[in-house]
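Remember, predicted model here, so these are calculated numbers, not experimental data. Each chain gets a letter, A, B and so on, in the order the sequences are listed, and its residues count up from 1. Values below: all heavy atoms of this structure, side chains included; hydrogens, waters and symmetry mates excluded.
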2 protein chains.
Amino acid sequence: MGVPANQRATDSSAGDPKAGDSKAACSKALDTKQRILEAAEALFVERGFSGASLRAVTGAAGVNLAAVHYHFGSKEGLLHALLDQHVGPINQDRLERLLRLEAASAPAAPSAEAVLRAFIEPALMRERGRDPQRVRSLLGRIYGEPPHLVGPLVEREFGALGRRFVEALERSLPQLPRDELRWRFQFVVGALLYVISGNAGLALQFGPELGRASTEELVELLLGFVEAGIGAPARASRAEGTE
Amino acid sequence: MGVPANQRATDSSAGDPKAGDSKAACSKALDTKQRILEAAEALFVERGFSGASLRAVTGAAGVNLAAVHYHFGSKEGLLHALLDQHVGPINQDRLERLLRLEAASAPAAPSAEAVLRAFIEPALMRERGRDPQRVRSLLGRIYGEPPHLVGPLVEREFGALGRRFVEALERSLPQLPRDELRWRFQFVVGALLYVISGNAGLALQFGPELGRASTEELVELLLGFVEAGIGAPARASRAEGTE
DNA sequence: GTCTATACGCCGATAGAC
DNA sequence: GTCTATCGGCGTATAGAC
C-alpha cells in the first residue's frame with residue numbers, strides 16, 4: 001500500500017530514464033516547462049483559472065506538483081507566463097498594424113474603422129496552428145476572475161496598448177469629446193471580451209445555431225457594430241460644471 | 001492547547017443563551033440567514049466569488065460556518081439566493097418596461113432605442129437605498145467565474161429574459177438579418193456587463209478621471225453607443241449556403 | 001540546476017451531538 | 001436551528017535526491 005505513484009499517467013519522456021547528460025537534463029527541463037504550459041492552457045480555458053487545480057495541471061502534464069513552483073514561482077506566475085506567451089504576440093500585432101496605418105495615412109489620422117480593425121482582428125484571428133477557440137478563450141476567461149488578480153494583470157498586459165489605441169482614436173474622431181470617446185472605447189473592449197470569452201449567451205442562450213459564425217464573419221459582425229457605435233453623434237449631455 | 005474557538009469574534013447575539021422560546025428561535029433564524037446574505041454580498045463584491053471563503057463570510061456575519069450549508073445548501077446556493085434577491089427585481093423591471101412599451105406602441109413595434117433603454121436602465125439604475133456601486137458590481141462580477149458555475153446560472157437568471165428582448169428587437173428592426181441582430185445583442189450584453197463589473201479598464205486604465213461619470217450620464221453614454229451599433233446597416237457578408 | 005517527496009494551513013462540505 | 005469535529009482536496013513551501 002501507500003505507493004503514491006498516480007502521476008506519470010501519460011508518459012515519462014521517450015528516452016531512457018538513465019540519460020544523465022547535462023544537455024539532456026537541460027532539454028528535459030524545457031520539456032517539463034513546456035508541458036506544464038500546454039496542460040495549463042487547456043485546463044485554464046476549460047475550467048477557468050480558479051477552477052483548474054495545479055494538481056490537475058501537473059497530473060495532465062505528467063510532471064511533479066512542485067515543478068510548477070520551481071519554474072513559475074506560483075500558480076499566478078504560471079498564468080502570467082501563459083499570458084505573456086499568448087497576448088504578447090497579439091498586442092504586438094495590434095501595435096504594428098496601428099503604426100503601419102498611421103504611417104500610411106500621415107500626416108492625416110487613419111480612419112476610426114481602420115484603427116478598430118487593427119485592434120480587433122488580431123485578438124480574434126491569431127491562432128498559430130492551434131485550435132483557435134482555445135487560444136481566444138484564454139484571454140477572455142481572465143476577466144472576471146477575482147479583482148485583486150485581474151487588476152495588475154490587465155494593466156501590465158494591456159494598459160499601455162489600450163491607452164495608445166485611445167490616442168489614435170482621438171485623432172481619428174477629433175470632434176468627439178475626449179471622455180465620451182474613452183467610454184466608448186471601453187464599450188468596445190467589453191463587447192470584444194464577451195465575444196472572446198465565449199462564456200455566456202450565444203450557444204447557451206440561443207442553441208447551437210448562433211455558434212455557426214466563422215472567425216472571419218465574427219470579425220465583420222463585431223466591426224460593423226463597434227464602428228457604428230464609436231462613430232455615433234456625441235450625446236454631449238454633460239456640457240457643464242468643470243468649465 | 002488545541003482550543004479551536006476562533007469564531008464568535010464579533011458577537012454571539014444579544015440575548016442570553018438560555019432563551020428557548022420558539023418565536024425567538026425563528027426570528028433568530030431569519031436574522032442569521034439575512035446576516036449571512038449581507039456579509040456574503042459585501043465579500044463577494046470585494047473579493048469575487050471564488051476569492052471570498054465561507055469562513056470569511058460567516059466570520060463577518062458572526063454566525064457558525066455550518067449555518068450557511070443549513071440555510072443555502074452550499075456556497076453556490078448562497079450565491080444563487082443572493083442573485084435571486086438582486087437580479088430578480090432588475091429583470092422584472094426590465095420585463096415590465098418592455099411590456100409597457102409594446103402595449104403603448106401596439107400594433108406597431110416599439111423603437112429599438114426604447115427597447116434597449118428598457119434593457120439597460122434597470123441594470124445600471126436600481127439601487128434600493130444601498131451603495132449602488134456595490135449592487136451593480138455583484139452582477140458583473142459573476143461573469144468570468146469558472147464556466148461550469150456561470151453557465152447554468154446565466155441561463156437560469158437571464159436566459160428567458162434575453163430571448164424575450166431579442167424577439168422584441170427583431171420586431172423593431174425587421175430589415176436586419178436575424179443572426180446579425182442576435183450577435184449584436186450579444187455585443188450589447190458584453191458592453192453592459194463590462195461597465196457593470198467596473199472590473200477592468202476605466203479607473204485602472206486612465207486614472208480616476210474617467211470614473212467621474214454619474215449613473216445617469218453612464219446610461220446615456222452606453223445607450224448612444226449601442227443604439228448606433230445595433231441600428232447599423234447590415235453587413236450581410238454571409239448571404240450564401242443555407243438558402 | 002532540475003525534480004521529487006512530503007508536510008502545512010486553508011478551503012468547502014458533511015455527520016451527528018445538543 | 002445551531003454547533004463541533006472531521007473529511008478530502010486545494011495552493012504553497014521546503015528538504016533533499018539526482
Yes or no on side-chain contact (heavy atoms from CB on, under 4.5 Å) for A:R164 and A:F119, after CA distance, side-chain angles and deciding distance? CA-CA 11 Å; A:R164 181 71 182 78; A:F119 184 73; over 6 Å; no
Evaluate the criterion ring pair (Phe, Tyr, Trp, His ring centres under 6.0 Å) for residue pair A:F187 and B:F187; output intermediate values, then yes/no. CA-CA 9 Å; A:F187 305 151; B:F187 305 152; over 10 Å; no
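With rounding to whole Å, B:K75 atom NZ is found 17 Å from C:dT14 atom C1'. Note: CG (A:L43) to P (D:dG11) measures 11 Å, nearest angstrom. Atoms CG (A:L54) and P (C:dC3) sit 16 Å apart, rounded to a whole Å. Between the C1' atom of D:dG1 and the CZ atom of B:F72 lies a distance of 14 Å, rounded to the nearest Å. Rounded to whole angstrom, the span from the CG atom of B:N64 across to the C1' atom of D:dT4 amounts to 8 Å. For the pair A:E76 CD and D:dG11 P, the interatomic distance rounds to 13 Å; values are reported in whole Å. In this structure, CG of B:L65 is placed 10 Å from C1' of C:dC11, rounded to the nearest angstrom. Atom-to-atom, CZ of A:F49 to P of D:dC10 comes out at 14 Å; the value is rounded to the nearest Å.
Checked by distance alone, A:R55 brings no side-chain donor or acceptor within 3.5 Å of a matching partner on the base of D:dG9.
In this structure, B:K33 fails the cation-pi test against B:Y70, since its NZ or CZ atom is not both closer than 6.0 Å to the six-membered ring centre and inside 45 degrees of the ring normal.
Of the side-chain N and O atoms in B:T32, one or more sit less than 4.0 angstrom from OP1 or OP2 of D:dT2. For B:H69 and C:dA13, the shortest distance from a side-chain N or O to OP1 or OP2 is below 4.0 Å.
A salt bridge is absent between B:E121 and B:R94; no separation between the charged side-chain nitrogens and carboxylate oxygens falls under 4.0 Å.
The 5' end of DNA chain C is approached more closely, in terms of each residue's nearest nucleotide, by A:Y70 than by the other of A:Y70 and A:A66. Nearest-nucleotide assignment on DNA chain D puts the 5′-proximal partner with B:H71, out of B:H71 and A:A56.
Among the protein residues, A:A52 comes within range of the sugar-phosphate backbone only, with heavy atoms under 4.0 Å from sugar or phosphate atoms but none that close to a base.
Here the side chain of B:N91 pairs a donor or acceptor atom with the backbone of B:E157 at under 3.5 angstrom.
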